[in-house]
Amino acid sequence: KAGVTQTPRYLIKTRGQQVTLSCSPISGHRSVSWYQQTPGQGLQFLFEYFSETQRNKGNFPGRFSGRQFSNSRSEMNVSTLELGDSALYLCASSLTGGLGYTFGSGTRLTVV
Amino acid sequence: AQRVTQPEKLLSVFKGAPVELKCNYSYSGSPELFWYVQYSRQRLQLLLRHISRESIKGFTADLNKGETSFHLKKPFAQEEDSAMYYCALSGGSNYKLTFGKGTLLTVNP
């Protein structure tokens, strides 16, 4: 079965712009999570969605938002980009949440 | 609060030697613990989870609630085990994984 698909793979944006990242979970998986990975902070939880509802949110500013559609696909949006938002953004899916997540390859965002 | 500590950033062993990657956690409830591995230029993938009590690729990990540890062990390391290893904790129904900073394992020939 197809894995977790994230698009685009790479993005370069300018400070102040906004960006939308997309994630298609494994078929049948209804839980989608997002993580930010940086060399300094490691992997940090952004938020988790299940059946279009956000069940948990990490300690990120309100500029970071997400949503999940009825087909379980998810998007995350970052507005007013800052240089510090440069990171690898990972999406992970699970049947219901917990018991292990399957990760995508990530979207590498560079803010210049 | 959930916290995961992997005390070693780097670990280097020779092929055939035993390897142990340390993981300590802090969580007030009953955690679910996982080991994830990331091979060079590949995506992060689940190696094993404590609830399954399984052995994957010769690796095992035992949850020690008294010492709040979940160390990953393999009796005889192989060169293909060289990778970044992350310990992660999920706190029941909060649906989030808290990761350690990772340990880069290098197995030398």
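What's counted below: heavy atoms across the whole structure, side chains too, no hydrogens, waters or symmetry copies. Each chain gets a letter, A, B and so on, in the order its sequence line appears, and its residues count up from 1. Predicted model only: the values in this text are computed from it and were never measured.
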State plainly whether one hydrophobic cluster holds both [X] and [Y], where clusters connect Ile, Leu, Val, Met, Phe, Trp and Tyr through side-chain heavy atoms under 4.5 angstrom apart.
X: Leu11(B); Y: Val4(B); answer: yes
X: Ile56(B); Y: Tyr86(B); answer: no
X: Met76(A); Y: Tyr49(A); answer: yes
X: Leu88(A); Y: Tyr35(A); answer: yes
X: Val19(A); Y: Leu83(A); answer: yes

Check your understanding: Applying disulfide bond (SG atoms under 2.5 Å apart), which residue pairs with at least one partner in residues 32-77 of chain B are found, sequence neighbours left out?
Key ->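 Every pair satisfying disulfide bond (SG atoms under 2.5 Å apart) with a residue in residues 32-77 of chain B: there are none.
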Within a reach of under 6.0 Å around [atom1] of [X], are more than 12 heavy atoms found that belong to other residues, nucleotides or ligands?
X: Asn59(A); atom1: CG; answer: no
X: Glu67(B); atom1: CD; answer: no
X: Phe76(B); atom1: CZ; answer: no
X: Arg108(A); atom1: CZ; answer: no
X: Lys73(B); atom1: NZ; answer: no
X: Phe69(A); atom1: CZ; answer: yes

**Request:** Please determine if Arg55(A) forms a cation-pi arrangement with Tyr95(B), meaning its NZ or CZ atom is less than 6.0 Å from the six-membered ring centre and no more than 45° off the ring axis.
**Result:**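 Geometry flag: set, cation within 6.0 Å and 45°.
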| Heavy atoms under 4.5 Å from chain A: which residues of residues 97-107 of chain B carry them? |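 From residues 97-107 of chain B, the residues near chain A are Leu97(B), Phe99(B), Lys101(B).
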If you tally heavy-atom pairs under 4.5 Å against chain B, which of [options] wins?
options: Leu46(A), Leu90(A), Thr102(A), Val4(A); value: Val4(A)
options: Gly58(A), Ser105(A), Gly42(A); value: Ser105(A)
options: Phe103(A), Phe45(A), Phe50(A), Phe47(A); value: Phe103(A)

With chain B as the partner chain, list the residues of residues 6-16 of chain A whose heavy atoms fall under 4.5 Å from it, by residue number, and write 'none' if nothing qualifies.
->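 Residues in range: none.
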If one checks every heavy atom of Ser33(A) against chain B at 4.5 Å, the contacting part turns out to be side chain
- Student check: side-chain heavy atoms of Gln44(A) and Lys96(B) closer than 4.5 Å: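 Sidechains of Lys96(B) and Gln44(A): no contact.
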Next item on the list: Could you check if a side-chain atom of Tyr36(B) sits within less than 4.5 angstrom of a side-chain atom of Tyr101(A), using non-hydrogen atoms only?
Entry: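 Yes, close enough: below the 4.5 Å cut-off.
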*asked:* Suppose the criterion is salt bridge (charged side-chain N to carboxylate O under 4.0 Å, His left out): which pairs have a residue in residues 79-88 of chain A, not counting sequence neighbours?
replied: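 Found Arg63(A)-Glu82(A), Arg63(A)-Asp85(A).
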Okay, Gln2(B) and chain A: the region with an atom under 4.5 Å from a heavy atom over there is neither
